[in-house]
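To start, the structure itself, in structure tokens.
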There are 4 protein chains.
Amino acid sequence: MKTPNPARRSEQSRRAILSAAFDLVAESGYAKLTIEAIAARAGVGKQTIYRWWPSKGAVFIDAFLSKTSDEEGSVALPDTGDLGADLRLTLRAVVDEYNDPGLDTMTRALTIESLGDPAINAEITTRLLEPHLEATRERLRSAQRAGQVAEDADLSVAVELLYGPIYHRWMLRTAPLTHEYADTVVGFALRALKAA
Amino acid sequence: MKTPNPARRSEQSRRAILSAAFDLVAESGYAKLTIEAIAARAGVGKQTIYRWWPSKGAVFIDAFLSKTSDEEGSVALPDTGDLGADLRLTLRAVVDEYNDPGLDTMTRALTIESLGDPAINAEITTRLLEPHLEATRERLRSAQRAGQVAEDADLSVAVELLYGPIYHRWMLRTAPLTHEYADTVVGFALRALKAA
Amino acid sequence: MKTPNPARRSEQSRRAILSAAFDLVAESGYAKLTIEAIAARAGVGKQTIYRWWPSKGAVFIDAFLSKTSDEEGSVALPDTGDLGADLRLTLRAVVDEYNDPGLDTMTRALTIESLGDPAINAEITTRLLEPHLEATRERLRSAQRAGQVAEDADLSVAVELLYGPIYHRWMLRTAPLTHEYADTVVGFALRALKAA
Amino acid sequence: MKTPNPARRSEQSRRAILSAAFDLVAESGYAKLTIEAIAARAGVGKQTIYRWWPSKGAVFIDAFLSKTSDEEGSVALPDTGDLGADLRLTLRAVVDEYNDPGLDTMTRALTIESLGDPAINAEITTRLLEPHLEATRERLRSAQRAGQVAEDADLSVAVELLYGPIYHRWMLRTAPLTHEYADTVVGFALRALKAA
DNA sequence: CTATAACCGAGACGGTACGTCGGGTCTTTTA
DNA sequence: TAAAAGACCCGACGTACCGTCTCGGTTATAG
């Protein structure tokens, strides 16, 4: 087993590969993504891909993450003091993201990869999902301090009360995801969480 | 376009194909499932598969459904009058199913197929998911009549309040699925839904 | 190891493959011959080649043999009674063949294959070379009966006395192959073989 | 086009490369020889090989020649006055060389290279073959002076009368190469060449 | 009670993509 | 500034499956 020397890695090729992978998925969907197509589009030898990534899934995840890492960091929820308003704003934004055809394609591709490999799942969860959940938890903690949320409420479950229904509806396509739906979910959650 | 005559279809081959598909997924995972392997294992010509199914995903779904169709029908929730107890019982059972390694593998395979093709998604949703959701809705309706649930509560959202968090946690593997978790979810849901 | 069923073999593909292989060698030389190019030129899947031949060398030999098998059979030497004249005619013809650029390319390609694999060497020797040697031996036997060749002469060596020098000069390119050269070789051979 | 400065060439690397090339052919045959393997075995960068040799064939030829150049020079045939005895001795030695498995492998490898490239062929012929032919011609010239060989005999052809049959039999593997065979060839040649 | 059409097992076919090997070039670091 | 190291682009390798297409052979209605 040869372990290549990262110091000699071509930054230009790396970028071209990630770009190509991302664009190809956007154009034709993840199911039709092939290593050969990535290499061809990137103007790169296949070996250069195999040298640095174990699978096309890994390439795509890197591609996705490097596209989104720019906006990372600013995941804090608004905190106006009005918990309901803040959550409605947040969940409406989430709904909008799920409804964006481009993001929808990408997220479903990511999900397929996650399903097949727990390691990839952990990677994605840690880097993409967890920050958002933590930000939401933080907002709820703030509300807890303000006495708007029961002191003994399990906030890890609370965030799932908010995102779970939306995720369920998006994944299983049981019904359209609308702003009204987001509002309804927030309404239920507030009643479930509010101090007695 | 040839439309084969279902009357002449070999029941023996059909069964062998579904059996082979199911077993192969159980043994090596859905990602490694191939039409050729199914045909070989079933002692069947490839054409016989292509004649009756449009894709390997369709074969697998049929295989899965025919395995589970035996227990179908009895999807009604218990109705003891104690809504909380009935829901806890139900959600604990759901959690147990998700924790079963065999079912976990199969359900994730099914999910991969759903993600790639909305038609398959619809099929699965209609045949597997919807009956359970409807049964749950029916139990909530009964509770509504008994005044335990607010009259104006949207029951379609209500069921997602119950199943969404569990689904979210199972899919994204953010934390273990336990009976306590099921109980907590039910607790939140009851508070959210109860009549004012 | 799967042994394919020759009864189902596509005669059309077989011919297209042999034709393509032959033409490609004629155009670009044996060193540049690839299985992929043969498949592409023949309009055939690579697997169809790998199914029926173990290597590109084997394909090429088949191609060469099928091109030349038409004229096979008529390998008898002339027998006018004048041994010298008959041999001169024959060796001049051999020299002409070696001097033909197309045949030269093909024969050198064949030789490269022979050198690498004794099995291929045996195949080529038996099917192409041996008939000519035998025909020559037969002519010498006739001359022996006519008292023009020593009774105790070893005819197997005698034919090598005729073809060996020409082959040596062709292979090693030490000097041009001419009709005069052929005549000189025949002259020496006649003196070596003639009855005492 | 870079022309490297031979003065700065590393003699140690040169020797390691030739040694590696020679040994690799001895171990696995010429067909499996690769530049990468030579470089790895020699502990040398690939570029060092490409800098000084145009192809793997050139490397191998150099390797072969440097192995055999030690014994070069002493290519004169014995001249005891008995032409037959001297030639028999010489051709028996040639036969022994051809029968040596190590030399056989090397010589066939050399021949493959020669076939593909006339320039290499010329190089090999000039450096390895021609000296032997000339030595043999010289011995025949001596015999000519002694009246044992016809004055008008073409000695260039005469040597091919000796080596041609042996080369033919070795290359085409039509029959085993033995001392008796060498003697028979010499016998025929003497009759062909002797003064009238 | 055939005969004739369909499904069936088998598997060859033209293809696409795989993951690997090696070719020859180029760049970085060391001596 | 040659050499070692090795990443790079590229082309071909031989394999796995794809989905289509014949092949007999074996039912199972329809004349």
Side-chain angles (χ1 to χ4, degrees), chain A residues 2-10 12-13 32-40 42-52 54-56, chain B residues 2 4-10 12-14 16 32-40 42-52 54-56, chain C residues 2-10 12-14 16 32-40 42-52 54-56, chain D residues 2 4-10 12-14 16 32-40 42-52 54-56:
Chain A
K2 280 248 202 63
T3 341
N5 179 354
R8 294 188 176 273
R9 182 169 189 178
S10 158
Q12 185 182 322
S13 292
K32 286 185 186 165
L33 184 66
T34 67
I35 296 271
E36 300 222 317
I38 297 171
V44 138
K46 281 199 287 176
Q47 199 57 51
T48 301
I49 299 180
Y50 285 112
R51 195 164 11 241
W52 302 109
S55 68
K56 71 169 184 172
Chain B
K2 279 251 205 63
N5 178 355
R8 287 182 166 255
R9 181 168 189 180
S10 159
Q12 185 183 322
S13 292
R14 200 191 122 264
K32 288 184 184 163
L33 185 66
T34 66
I35 296 272
E36 299 221 319
I38 297 171
V44 138
K46 283 201 286 177
Q47 198 55 50
T48 302
I49 298 180
Y50 284 110
R51 194 164 12 240
W52 303 109
S55 68
K56 71 166 183 173
Chain C
K2 283 251 202 61
T3 340
N5 180 353
R8 293 187 176 273
R9 181 167 189 179
S10 158
Q12 185 183 321
S13 293
R14 200 190 121 264
K32 289 185 186 165
L33 184 66
T34 66
I35 297 270
E36 300 221 319
I38 298 172
V44 140
K46 281 201 287 178
Q47 200 56 51
T48 301
I49 299 179
Y50 285 111
R51 185 150 37 226
W52 302 110
S55 67
K56 71 168 183 173
Chain D
K2 281 250 205 61
N5 178 353
R8 293 195 161 247
R9 181 169 190 179
S10 157
Q12 184 183 322
S13 292
R14 199 191 122 263
K32 288 184 186 166
L33 185 66
T34 67
I35 297 270
E36 301 222 318
I38 297 172
V44 137
K46 281 202 287 178
Q47 197 56 48
T48 302
I49 299 179
Y50 284 112
R51 191 158 19 235
W52 301 110
S55 69
K56 72 167 183 173

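Every chain is numbered from 1, with letters handed out A, B, ... down the list of sequences.
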By side chain to side chain contact (heavy atoms under 4.5 Å, CB included), which residues pair with D/Ala37, not counting sequence neighbours? D/Leu24, D/Thr34
Rounded distance (Å) that lies between atom C1' of E/dG23 and atom CD1 of D/Ile38: 12 Å
Exercise: identify the closest heavy-atom pair between C/Ala39 and C/Gly45: CB-C, 4.3 Å
Applying side-chain hydrogen bond (donor to acceptor under 3.5 Å, both in side chains), name anything that partners B/Lys46, two or more places apart in sequence or on another chain. B/Glu36
At under 4.0 Å between heavy atoms, how does the protein contact nucleotides 12-18 of chain E? Give one character per nucleotide, 5' to 3', with B, S or -. SBBB-SB
Sorted by chain and residue number, the side chain to side chain contact (heavy atoms under 4.5 Å, CB included) partners of A/Arg8 (sequence neighbours excluded) come out as A/Asn5
Distance check, rounded to the nearest 0.5 Å: D/Arg14 atom CZ versus D/Trp52 atom CH2? 11.0 Å
With B/Ser10 via side chain to side chain contact (heavy atoms under 4.5 Å, CB included) - residues at least two apart: B/Gln12, B/Ser13
Return the value, rounded to whole Å, for the distance between atom CD1 of B/Ile49 and atom P of E/dG11. 15 Å
Five pairs per end, C1' atoms only: what is the angle between the end axes of the helix from E/dC1-F/dG31 to E/dA31-F/dT1, to 10 degrees? 10°
By side chain to side chain contact (heavy atoms under 4.5 Å, CB included), B/Ala16 pairs with (sequence neighbours left out) B/Ala42
Could you check how far CD of A/Gln12 sits from P of E/dC26, rounded to whole Å? 15 Å
Nearest 0.5 Å, please: how far is NZ in C/Lys56 from CD1 in C/Ile35? 8.0 Å
